[in-house]
Structure formats: C-alpha cells, structure tokens
> 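Once you've had a glance at the structure underneath, I'll fire off some questions.
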Amino acid sequence: MVATSAQHAAAQGTATETKKRAWTWYRITEGMTPYLLIAPLLILMAVFIYWPLIYSSYLSFFDWNFVRPDKIYVGLDNFTRLPDDPRFIQSLKGTAIYTFALIPLQVLLPLGLALLLFRTRTSRLQGAYRVLLFSPTVIAYSVAAIMWLWIFNPNYGVLNKALSYFGVDAIRWLSDRDYAIWAIIIVATWKTLGFHMLLYLAAMEGIPKDYIEAAQLDGASSWQITRSIRFPLMTPTFFFVLVTTVISVNDDVFAAINVLTNGGPFDSTTNIIYYLYQQGFKYFQIGAGSAVAVIVFVVTVFLTWLQFRFVERHVHYG
Amino acid sequence: MGSQTPAVEAPRRRSFRLEDSGFHLVIIILCAFTIFPFIWMISTSIKAPDEVFTNDFQFIPDVPRWANFPDAFEYFPVDRWIWNSFGIAVLTTLGKILMSVPAAFAFARLRFRGDKLLFAVVLATMIVPGIVTVIPNYIFVSERGWMNTWTGVIIPSLPATAFYVFLLRQNVLQLPQDLLDAGRLDGATTIRLLTDIVVPNIKPAIAVVTILSFLGAWNQYLWPLLILNDFESKTLATGMQFFTNNVESAQMWGPMMATAAIATLPPLIIYAMAQKQIISTFVTSGLKG
Amino acid sequence: MSHISRRKFIGTAAAGSAALALSQGANAAPAVLKHSRRSSSQEKTEISIYHIWGTPPGGEPAATPAPMMQVIDAFNAQSDTVTLNTFTPGNYYETLQKTQADLAAGNPPDLVSVPWAFLEYAVEGLGVRSLADVAGDQFEDLKASMSEESWPLVTKDDTIWGFPWGLSTPILYYNADLFEEAGVAPEDMFDTWEKFAEGARTLSEHMGGKPVLSLQYNKDWPAQTIIQSNGGRVMNDDGTFGFTSDEAKEAMQTIADLDKEGLYDRGAGPELRPNFLSGNNAVWQASVASLNGITNEATFNFGTSTWPKFGDKPVISSTGGSFLACFTQDESKYEAVVEFLKFCASEEGYGLWNQTGYVNISNHDFERLEGQEPAYEQYEAGLIRETNWPGARGVEAGSTWDVYCERMWANDISVEDGVNQALEEITAIVGQG
C-alpha cells in the first residue's frame with residue numbers, strides 16, 4: 001500500500017525523533033564515558049586515601065582505644081604530649097638518621113652505578129649485571145630482612161665470621177645500640193640499589209641520539225657529552241627519584257625494622273613511622289597514632305613542596 | 001612498539017679496554033654484594049643444624065639436608081601462605097589494571113570538564129605516605145567485617161595506583177592522534193576506542209604494569225600484617241616475620257632459609273623473564289614532566 | 001570478533017575474581033556465630049580460642065603437636081556438642097591485637113589466653129566477662145577444680161575474671177657439661193649472687209671470655225624476681241611504684257655489675273635460646289614452660305635451678321603465663337565455653353597440658369617433669385603476681401619499664417638514672433591512662 005504523504009511525513013518525523021533520541025543518548029553516554037572510566041579509581045582514592053586524611057585529623061583530637069565505643073575529646077593533648085615522650089624524640093632521631101643516610105645512598109649511589117653500567121653497556125655481561133643488581137628489588141622486604149638477619153647473627157653470621165679474619169671482634173649488629181640502625185641502613189641500601197639504578201639507566205638510554213651525534217660531530221669528549229647532555233636530560237628522572245625517595249624512605253624500612261629489631265635495641269632503630277605503628281597497633285592509642293599521622297603527612301607535603309620550589313627549577317625537560 | 005621508540009643512540013664500540021676493566025671490577029664487586037645474601041641463603045637452606053651452628057665457613061655443606069624444604073612446610077602452613085600470597089597478588093593486580101588502563105586513556109586523550117584537576121588529584125595521592133592512611137583504613141575494614149580476609153587486604157590497596165596511571169598515560173600519549181581520529185570516523189564509541197585501539201597498542205606497557213603490580217602485591221608487608229592476624233591466613237611476606245618473632249622457632253635457620261628461598265623464587269623468575277620489557281618501557285615512556 | 005571476546009573475558013574475569021575474593025573472604029573469617037541449644041539441635045556450637053601455643057614451637061616438626069593443641073584436639077574428639085576452633089595469631093602482643101580487632105569489629109572471640117599482667121587491661125579496656133557470668137551455676141564447680149592459690153591471680157576488685165591456666169615462673173637453665181668442664185659446682189654457684197659472680201668468672205674464662213648469663217624475654221620479668229628477692233617490689237600492693245627503693249636499685253645493680261665484667265649477655269631475644277642450645281652460653285634464664293622444648297632439643301646435659309639469693313634473703317619469684325578469658329557477650333555460647341573449661345580442669349585435659357612444664361595448678365596429682373623442681377620450690381614459697389600496670393596505657397608502661405631494665409643491665413644508663421627516669425615516664429603514662 002502506498003503510504004500517504006501524511007503518513008510518510010509522520011514516518012519521517014518518527015525516524016528523525018528516533019535518530020535524535022539516539023543521538024542524544026549517544027551524546028549522554030559519550031559525555032559520561034570519561035567519567036565512567038575514571039570513576040572506580042577516583043572513588044577508591046577518595047575512600048581509602050583522601051577520606052583517611054580527614055578522618056585521621058579528626059581522630060587526633062580524641063583518646064580512643066579502638067575497642068571502647070566512647071571516644072574522649074582531648075583537644076590538642078595528643079600533639080602536646082609528643083615532645084614529652086622520650087620514645088617520640090628517639091623516633092625523630094631515628095628518622096633523621098635514616099633520612100640523611102639513605103638519601104645519598106638511595107639517590108646518588110645508584111646514579112654512580114648506572115653510570116658505570118652505561119659505560120660498559122656494550123659488554124656481553126650487561127644483561128647478567130642488570131638481572132643480578134636488580135634482584136634484591138623484586139623480593140619482599142621481609143624476606144630480604146630475614147636473609148640479612150642470618151648474616152648479622154653475632155655468633156654464626158657470615159659478617160662477623162668475615163670480620164674475625166681481619167681480627168675484628170664480633171659485633172652485635174642487631175643488639176648493639178650503635179650498630180643496629182646501620183644494619184638496617186645496609187639492608188635498605190642493598191634493597192633499592194637496583195631499582196633506582198634501573199630508572200637512571202633507562203633515562204640515559206632514552207636520550208635521543210641526534211643530540212649525542214651532534215655533540216660528537218663538534219668534537220666533544222665522552223665526559224663532556226655526559227656532563228652537558230646526559231646529565232641535564234636525566235634531571236627529570238633524578239628529581240623523580242629524589243622526591244619519591246624522600247617520601248617513602250622511612251616507610252620502606254618498616255618491614256626491615258619489624259623483622260630485624262622490632263624497634264630495638266632500646267628503641268634506637270625506630271623512626272616516626274614505626275612509632276606510629278607502635279602507638280596505633282601495639283598500644284592501641286588511636287588518637288596518638290592519628291596525631292602522628294597528621295604530622296607525617298604535613299611534613300611530607302612540606303618537604304615535597306620544598307623540593308619543587310628549590311630543586312625543580314634545575315630540572316631540564318627534554 | 002618499534003614505531004614509537006625514539007631514536008636512541010646505538011652503543012659505540014670502545015677502543016680503550018684498560019679503564020673498562022676497572023669499571024667492570026667495581027660492578028662485579030657490587031654484584032657480589034648484591035647476590036651474596038641470596039647465595040648464602042640457599043647455602044644455609046640445605047644445611048643441617050650442626051653445619052649451620054658452626055664456626056667454619058662453607059658454601060656447600062658436607063652433608064646437604066634437603067629435608068629442610070619439606071620440613072618448612074611442616075613447621076608452618078607455608079602452602080597456605082603461598083596460596084594467600086598468590087591469590088591476593090593476582091586479584092590486586094587485576095583490579096589495578098582494570099582501573100588504571102581506562103583512567104590512563106581518559107586522562108591522556110579525552111577532553112572533559114575537570115580533566116586536568118582530576119588528574120592532579122590522582123597524582124597527588126603519590127605524596128601521601130602509606131602509613132598515614134593505615135589507621136582509618138584499619139577501622140574501615142574492621143567495621144565491615146573484612147578483618148582477616150582477602151577483601152580486607154585487596155580493596156584498600158587498590159587505589160595505590162597513581163604511578164601506574166602516570167606510566168600508562170605516558171604510553172597512551174605516544175599513540176598518534178590520527179589513530180584515534182580514524183577510529184572516531186568509523187563511528188566508534190569511546191569505549192570501543194579504548195578496547196580496540198588503545199589497549200592493543202600499549203600492551204607492552206600494560207604487561208610491565210601487570211608485572212610490577214604483581215610484584216608489589218606479592219611483597220606487600222605492612223597492610224597484610226595488620227589485616228591478616230591469624231597464622232593460617234598470612235602471606236609469605238608476613239608469615240616469615242612469624243619465624244623471627246617466635247622465640248622457640250629462632251633455632252630453625254635451615255628451614256627458615258628454605259622458606260625464604262621459596263619466597264624469592266616467583267618474583268625472581270618473573271623478573272628474569274620480563275627484564276628487557278621492563279627496561280624498555282621505562283626507556284620509552286620516560287619520566288619526563 | 002576478537003574485541004568482543006576480550007571485553008567478555010575481562011568482564012567474566014572481573015566477576016569471577018570478585019566472587020572468588022568474597023568467598024575466600026568468608027572462609028578466612030573467624031568462627032561463625034551459630035546459635036544452638038543443646039536440646040533442640042544436633043548441630044555443634046562453635047566457639048573460638050586465640051592462644052599462643054600453636055605447633056610448633058621448636059622440636060621436630062609436627063611429630064607431636066604442642067600440648068595445647070593436643071588438649072584442644074582431645075576436647076573436640078570427645079565432645080558431642082561443641083567444636084572449638086583454634087587460632088594462633090602469634091605472640092602475646094599479636095594475640096592481643098587480634099582480640100582487639102575482632103572486638104571492635106563486633107566479632108569477639110570466645111576464649112583468649114591473656115597474660116596475668118594484662119588482667120587490668122582486659123577488665124578496664126577490653127570488657128572481659130567475669131567467670132561467674134559465664135559459668136552461671138557451674139561456677140562453684142569450676143572454682144573447686146583448680147587449686148586455691150591460683151584464683152587470686154585472676155581476681156580484681158573481688159571478682160574472678162578468668163580461668164587460671166598456664167602458671168610459670170622464671171628459672172635458670174644451665175649447661176651441666178660446661179660446668180663440669182670448667183670445674184664449677186652448680187649448687188655452689190647458684191647459692192648466692194656473690195658466688196654466682198665467682199663461678200661465672202671461672203666459666204667465662206673457660207669459655208674464652210664469653211658472657212655467662214642470658215635473660216630471655218622481656219627483661220622486666222626476671223627483673224621482678226630479682227628485685228623481689230632482695231626485698232624490694234616493682235609495684236607495691238597499694239599500687240605505688242617501688243622500683244626506686246634502695247633494695248630494688250641494689251638488685252638491678254647486681255646484674256649491671258655482671259655486665260661490667262662481661263659476664264652478662266646483651267644479645268637480642270631471638271638470639272639467646274639458640275645460643276644456649278648450641279653450647280655457647282652457660283646459664284640461660286627462661287620460663288619453666290620452655291622445659292618441654294629444651295628437653296627435646298638439648299644435645300648436652302642440662303640442669304635447672306632456682307635463682308641465687310641475696311645473702312640470706314629468700315627468693316621470691318613472680319608468675320608468668322596466662323589465663324583463659326572469655327570475651328563474647330553471646331550467652332548461648334557460655335555453656336560451650338564452660339564445657340571446654342571443665343575439660344581443661346579434668347584429669348585427661350590437664351594431663352595433656354601438664355607436659356608443657358607449666359606448674360600444676362589443678363587439683364590432680366601429676367608426676368612432676370624432670371627439671372621442674374625449681375619452679376615448684378618458688379611456687380610453694382609463694383609467688384607474687386606479674387606486675388599489673390594500671391590504666392588504659394598499661395601495656396605501654398610495661399614496655400617502658402622493660403626497655404629501662406634492658407638499658408640498666410647493659411650499662412647504657414646508670415641504675416640511679418634509670419629507675420628515676422623510668423618512674424617519671426611511667427607516672428606520666430599511667431597518670432593519663
């Protein structure tokens with residue numbers, strides 16, 4: 001049957017309606033899509049990273065042991081009592097030692113190592129070197145600590161055995177207040193050496209060859225090339241390693257401390273992170289723990305800002 | 001992958017060998033430092049107590065005690081620990097990939113309101129040290145009855161993904177815009193663009209993120225330590241700590257080292273296989289900007 | 001087409017893994033709260049116990065399960081109405097942590113082994129149920145089943161809060177072979193502290209200058225015994241702190257002096273036991289509860305002894321170990337809990353438990369294990385309860401004192417400064433609790 005023009009117009013109209021609706025629907029879903037793609041990530045971040053910051057700040061004003069339903073408001077007490085707590089002061093000392101020792105060891109030492117590896121990258125051993133040097137990074141920190149626990153054993157550990165060949169008396173690596181923190185620093189250095197070295201190596205390898213060739217054509221020596229081309233172009237990586245190390249250095253050694261010394265001897269290996277753990281989970285002082293968490297966060301943000309303000313200007317972006 | 005690689009310089013042949021040997025020596029010494037604990041661990045893991053507690057120094061025991069390995073499983077529920085480690089690592093990795101790949105795409109190539117701000121919000125999470133969120137997350141997990149469960153370990157660890165989002169985004173940025181435009185012209189929805197064009201082209205980067213994420217989850221310590229508070233439910237990384245804290249078990253260095261050896265195998269094997277891939281991904285995506 | 005299957009794959013994988021995770025989650029959770037009445041259902045009531053005595057400690061792997069596990073297994077085998085699920089979170093601190101976590105999550109454990117020292121904390125901070133509430137009309141029976149001396153240890157404010165279970169005291173283990181080789185007679189050396197120092201010098205010389213005495217665990221435990229044996233107290237009965245008294249200082253100084261001569265082992269906890277067992281150490285203080293383990297593992301002749309005396313003053317030791325406490329508020333579980341406690345007090349149950357070396361506090365007669373004598377000597381002379389650091393921050397206070405003991409003995413701080421600073425800090429901590 002031949003459609004009348006009215007019907008035809010009506011059918012046409014409906015078709016346009018459908019098309020319009022389809023188009024609108026398409027635009028809505030398309031418009032929503034980016035948000036859908038990032039929603040799970042952002043929601044989880046909000047719940048497990050951002051909300052805790054707010055909640056920790058809230059909890060820091062209370063005295064609560066996690067089990068009793070009532071929280072007692074104590075104002076700033078959790079903060080003011082910290083300077084009077086000798087363990088807190090001790091943990092600050094520990095934090096300082098870890099930070100100042102490990103920043104050069106975890107930021108500069110791997111750089112030197114990466115340079116060495118880069119110089120020898122034509123050698124057939126390069127692949128073997130990389131696997132060997134990176135291997136401490138891939139294993140668990142606690143497992144690494146256990147390996148070293150045995151090495152540090154005062155009576156049968158290999159380290160003291162080696163020292164005895166040089167006539168040095170056995171050192172109680174983990175029970176002597178002067179040495180324990182250095183034992184942990186040794187383990188921490190051993191653990192991260194390969195990872196940062198790899199990042200630097202990757203940066204060095206990623207430098208476009210045009211720059212290098214141009215410099216070579218100009219007759220620059222390889223050291224000059226390294227200095228004026230490679231180093232500057234590596235600064236983003238260096239900066240990244242520096243910033244992330246400052247943020248995470250004290251966090252990282254937690255497993256080592258927990259396995260090797262449990263904070264001892266005499267709290268000499270605790271840092272502020274470990275202090276938080278003890279307050280929050282050994283003594284169940286939720287308020288005090290939260291207060292420390294707030295402090296850690298504020299200091300971290302401040303240090304990061306410092307680095308961006310004063311160091312980042314030296315970074316050359318390729 | 002070849003089309004995206006910037007032209008990196010080819011290694012030159014060196015003419016001086018003497019100074020090189022000096023470098024090699026230093027590197028070899030450092031390699032020895034790095035590898036020694038592993039070797040010593042393996043050496044101890046096959047020793048009987050009398051060879052462990054001795055003043056002599058031997059790499060290979062006179063009488064190897066292979067029984068240390070099955071013994072380790074008897075002393076501790078090492079098989080359960082392996083299962084827990086594996087399950088948690090796999091699920092965490094899956095979760096992270098499923099979240100970070102689409103997000104990386106969205107932040108790299110899609111325009112939407114607030115895109116810059118939201119990306120900054122994502123990156124900003126890298127400044128928050130893990131320890132700061134531990135107490136509230138612990139309370140959260142407890143209130144939901146997730147204590148001592150895989151869920152309690154996995155879900156709060158998922159958002160620690162900013163670095164991977166960053167890395168993947170760098171990779172997506174390297175895909176030519178034309179590729180995506182062509183897809184659009186064909187009438188693909190955004191999701192289709194993601195699954196049909198983006199994902200296949202950044203597979204190596206996804207692989208690397210998968211591996212790194214797996215390793216991270218396998219080795220995770222503090223969070224599982226807090227949440228998995230029963231013997232049987234621990235992971236390899238946290239179960240080992242039990243060896244050291246328990247006074248009575250501090251004697252069993254042989255089986256302890258055997259367990260440690262078992263714990264190091266999966267990460268090492270995975271790394272050995274994926275080594276080139278990991279490095280080249282870092283090279284191409286770089287850490288610029 | 002490949003892209004459809006990939007999406008499907010991801011979708012199914014995600015769904016599958018979510019399901020797996022959640023189901024695994026359910027499996028790993030502690031005992032299900034099942035509600036059952038003995039008369040009406042065949043189902044067994046499930047209750048949970050958290051304790052520290054899982055298998056292993058030490059000895060050949062799983063050849064013989066640890067005594068506590070034997071008790072639990074035997075109980076489960078003979079009970080028609082109750083299944084006891086066991087959890088071993090780790091050491092006392094880890095057990096406490098798990099207890100708190102589960103309490104806070106609204107999933108309280110039924111039974112937990114709580115150290116005597118944490119009684120105050122269990123009552124004030126954790127809301128432990130009193131034994132009378134749990135046992136109901138069975139209370140008197142239960143009370144009669146354990147020895148009278150043990151009940152004061154679980155009493156606070158005239159209420160009994162738990163079931164006495166593991167009672168230990170610190171004793172000295174010594175390597176009899178080494179003593180013989182060095183020509184030192186144990187009975188002489190362990191007589192007084194003066195003679196101890198003399199004997200230790202001889203031993204040390206014989207062993208090439210190694211330290212002779214090592215003190216295991218938290219140092220505050222042996223410290224309490226040593227101080228009390230000199231007539232001092234760590235905490236007086238009225239709750240004030242006594243460790244700054246002259247007697248206490250003298251006692252602490254005794255060990256510090258040994259350290260000055262290199263006779264005291266400053267090693268970290270986990271190193272000391274293997275050290276003793278491998279023949280590197282002559283005298284090791286530990287709990288009598290370690291007797292089982294040492295008997296199994298020592299490759300030399302060892303002996304046990306009580307502490308040296310200060311002149312004529314009697315040795316007054318302290319308690320160690322734990323009691324069983326009930327935390328659940330679900331009254332339908334109480335019967336099951338009581339059934340288990342009764343089994344513990346029975347001859348069969350306690351007989352299994354007695355293998356550990358803990359002092360027999362039941363009303364049954366069991367043969368004493370070889371080596372337990374010193375513990376019984378101290379027990380019969382009268383034990384003082386482990387210091388119950390008061391208040392909500394009691395655990396931290398105890399920890400603080402422990403670190404000071406360690407420091408004073410390692411001469412990291414003088415005894416005078418040590419006790420005074422400890423007093424200051426602990427008062428501050430406890431005052432706020």
Side-chain angles (χ1 to χ4, degrees), chain A residues 30 33-34 37-38 40-41 44-45 48-49 52 55-56 116 119-122 129 131-133 135-136 138-143 146-151 156 158 161 199 202 205-206 208-209 212 236-237 240 247 251 254-255 258-259 273 276 280 286 289-290 293 296-297 300-301 304 317-318, chain B residues 6-9 11 14 20 23-24 26-27 30-31 34-35 37 40-41 44 53 57 99 102-103 106 110 112 118 125 127-133 135-137 156 158-159 189-191 215 219 221-222 226 237 240-241 244 253 260 263-264 267-268 271-272 275 279 282-283 286-289:
Chain A
E30 275 297 292
T33 306
L37 291 180
I38 61 176
L41 185 67
L44 283 178
M45 283 182 171
F48 293 108
I49 301 183
Y55 195 42
S56 268
L116 278 180
R119 280 290 284 248
T120 58
R121 67 191 178 287
T122 55
Y129 287 156
V131 174
L132 289 180
L133 288 169
S135 44
V138 296
I139 63 174
Y141 228 119
S142 57
V143 177
I146 294 206
M147 287 160 59
W148 279 92
L149 184 65
W150 179 227
I151 294 177
Y156 301 106
V158 146
K161 276 192 210 175
L199 291 180
E205 291 191 347
K209 80 173 171 185
I212 310 290
T237 307
F240 175 79
I247 293 175
D251 223 13
F254 177 84
N258 194 243
V259 170
I273 309 284
L276 198 166
I286 302 289
S290 299
V296 169
F297 178 63
T300 308
V301 169
T304 307
Y317 293 100
Chain B
V8 294
E9 69 176 283
R14 302 218 154 265
D20 270 15
F23 295 143
H24 278 277
V26 176
I27 298 179
L30 283 167
C31 283
T34 315
I35 210 72
W40 191 239
M41 165 184 75
T44 309
F53 293 103
F57 180 79
M99 286 198 317
L110 298 181
F112 51 97
L118 289 172
T125 61
I127 301 189
V128 181
I131 195 80
V132 173
T133 59
I135 292 180
N137 285 338
L158 285 180
T189 61
T190 313
I191 306 254
L215 289 179
N219 294 335
Y221 189 71
L222 174 60
L226 293 175
M240 299 240 49
Q241 176 248 14
T244 61
W253 285 107
T264 57
L268 283 176
Y271 173 63
Q275 183 240 123
I279 298 187
F282 278 123
V283 169
L287 291 169
K288 314 178 182 58

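Letters A, B, ... mirror the listed sequences (proteins, then strands); counts begin at 1.
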> Looking only at heavy atoms, which two atoms of A:Thr300 and B:Pro129 are closest? And how far apart?
OG1-CG, 3.5 Å
> Starting at CG of A:Leu37, measure out to CE of B:Met99 and round the result to the nearest 0.5 Å.
13.0 Å
> Taking C-beta and beyond as the side chain, do A:Phe48 and B:Thr133 meet within less than 4.5 Å on heavy atoms?
no
> Pick one of side chain, backbone, both or neither for A:Thr33, based on which atoms fall under 4.5 Å of a heavy atom in chain B.
side chain
> Among the options A:Val296, A:Val158, A:Ile286, pick out the one with the most heavy-atom pairs lying under 4.5 Å from chain B.
A:Val158
> Quick one: pull up CD1 in B:Ile27 and OG1 in A:Thr120 and give me the separation to the nearest 0.5 Å.
3.5 Å
> If I measure from the heavy atoms of chain B, does A:Leu116 come under 4.5 Å with its side chain, its backbone, both, or neither?
both
> Relative to chain B, which of A:Trp150, A:Trp148, A:Phe297, A:Tyr55 shows the most heavy atom pairs under 4.5 Å?
A:Trp150
> Only pairs of heavy atoms separated by less than 4.5 Å count here; which of B:Ile135, B:Leu30, B:Val26, B:Thr34 has the most with chain A?
B:Thr34
> Got a second to check how far B:Ile35's CD1 is from A:Leu132's CG, nearest 0.5 Å?
4.5 Å
> Find the distance between CG (B:Leu222) and OG (A:Ser142) and round it off to the nearest 0.5 Å.
11.5 Å
> Between A:Tyr141 and B:Tyr221, does the side-chain contact (heavy atoms from CB on, under 4.5 Å) criterion hold? Intermediate values first, please.
CA-CA 8 Å; A:Tyr141 228 119; B:Tyr221 189 71; 5.6 Å; no
> So, taking the atom named CD1 in A:Ile273 and the one named CD1 in B:Ile131, what distance separates them when rounded to the nearest 0.5 Å?
5.0 Å
> Which bit of B:Leu215 comes within less than 4.5 Å of chain A, counting heavy atoms only: side chain, backbone, both or neither?
side chain
> Name the option with the most non-hydrogen atom pairs under 4.5 Å to chain B; the candidates are A:Ile151, A:Val301, A:Ile49, A:Ile247.
A:Ile49
> Okay, side chain of B:Asn137, backbone of A:Pro52: is any donor-acceptor separation there less than 3.5 Å?
no
> State, with a plain yes or no, whether a side-chain heavy atom of B:Pro159 is found less than 4.5 Å away from one of A:Leu41.
no
> Please classify the contact of B:Leu110 with chain A as side chain, backbone, both or neither, using a heavy-atom distance under 4.5 Å.
side chain
> At a heavy-atom separation under 4.5 Å, does A:Ser135 approach chain B through its side chain, its backbone, both, or neither?
both
> Any side-chain to backbone donor/acceptor pair from B:Asn219 onto A:Val138? Under 3.5 Å, distance only.
yes
> Given heavy-atom pairs under 4.5 angstrom as the criterion, report whether the side chain, backbone, both or neither of B:Phe112 touches chain A.
both
> Nearest 0.5 angstrom please: B:Leu118 CG to A:Ile38 CD1, how far?
4.5 Å
> In terms of heavy-atom pairs under 4.5 Å, which option from B:Pro267, B:Ala237, B:Pro156 contacts chain A the most?
B:Pro156
> Applying side-chain contact (heavy atoms from CB on, under 4.5 Å) to B:His24 and A:Tyr129, what does each step give before you reach the verdict?
CA-CA 10 Å; B:His24 278 277; A:Tyr129 287 156; 2.8 Å; yes
